[in-house]
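Residue numbers start at 1 and run along the sequence shown. Keep in mind that what you see is a predicted model, and the values were worked out from it rather than measured.
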Amino acid sequence: MNNHEKFMRAAIKLSIENVESGNGGPFGAVIVKDGKIVATGQNQVTTSNDPTAHAEVTAIRNACKELGTFQLDDCDLYTSCEPCPMCLGAIYWARPKRVFYANTKKDAAEINFDDDFIYKELELEDYTKRSIPFEQILRDEALEAFQKWQTSELKEEY
């Protein structure tokens with residue numbers, strides 16, 4: 001067994017344990033650095049009442065805390081299922097070296113975890129046509145924070 005399979009089996013085991021314990025959806029993730037698991041995550045949406053508590057996001061939060069950083073340079077993420085759009089965003093912001101996944105988004109859709117509607121919503125150019133309408137207000141006032149960011153000597157780029 002190679003290391004990739006070992007780490008993926010750890011993510012899959014977390015997903016199975018999560019279902020068996022009744023603690024959340026069938027998703028697990030591990031983050032590996034230098035050949036060692038530095039953090040894990042399981043879906044905790046229903047137990048934490050947090051719609052962002054997907055396995056990948058939970059693992060990213062745990063890894064960043066453990067490593068004392070907001071980016072996962074030189075880390076690999078193993079997840080039991082192809083990431084949803086939210087998790088994809090979190091993964092790209094965290095910047096791991098690689099992502100490995102087991103189940104596909106189609107597999108997830110077959111058990112009623114279907115994210116396709118989100119992809120379709122993102123493609124809508126008229127935000128008022130989204131199922132949750134978006135309306136822009138007070139842009140000129142909000143730009144002040146962006147202008148201050150551009151000139152701030154306190155900022156840490158990410």
Is the ring centre of Y78 less than 6.0 Å from the ring centre of Y101? no

Please confirm whether the ring centroid of F100 lies under 6.0 Å from the ring centroid of H4. yes

Are side-chain N/O atoms of T104 and E82 paired as donor and acceptor at under 3.5 Å? no

When you check the side-chain N and O atoms of R61 and T52, is any donor under 3.5 Å from an acceptor? yes

Exam field: side chain [X] to backbone [Y], donor-acceptor pair closer than 3.5 Å:
| X | Y | value |
| --- | --- | --- |
| S80 | A11 | no |
| N43 | G25 | yes |
| N62 | T58 | yes |
| R95 | W93 | yes |
| S15 | I12 | yes |
| N18 | Q42 | no |

Could D76 and R98 be called an ion pair, given the rule that one side-chain N must be under 4.0 Å from one carboxylate O? yes

Would you indicate whether [X], at its atom [atom1], is surrounded by more than 12 heavy atoms from other residues, nucleotides or ligands within a distance under 6.0 Å?
| X | atom1 | answer |
| --- | --- | --- |
| K65 | NZ | no |
| K155 | NZ | yes |
| F70 | CZ | yes |

Any L72 side-chain heavy atom under 4.5 Å of C64 side chain: yes

Listed by chain and number, what are the ring-ring contact (aromatic ring centres under 6.0 Å, His included) partners of Y92, not counting sequence neighbours? none

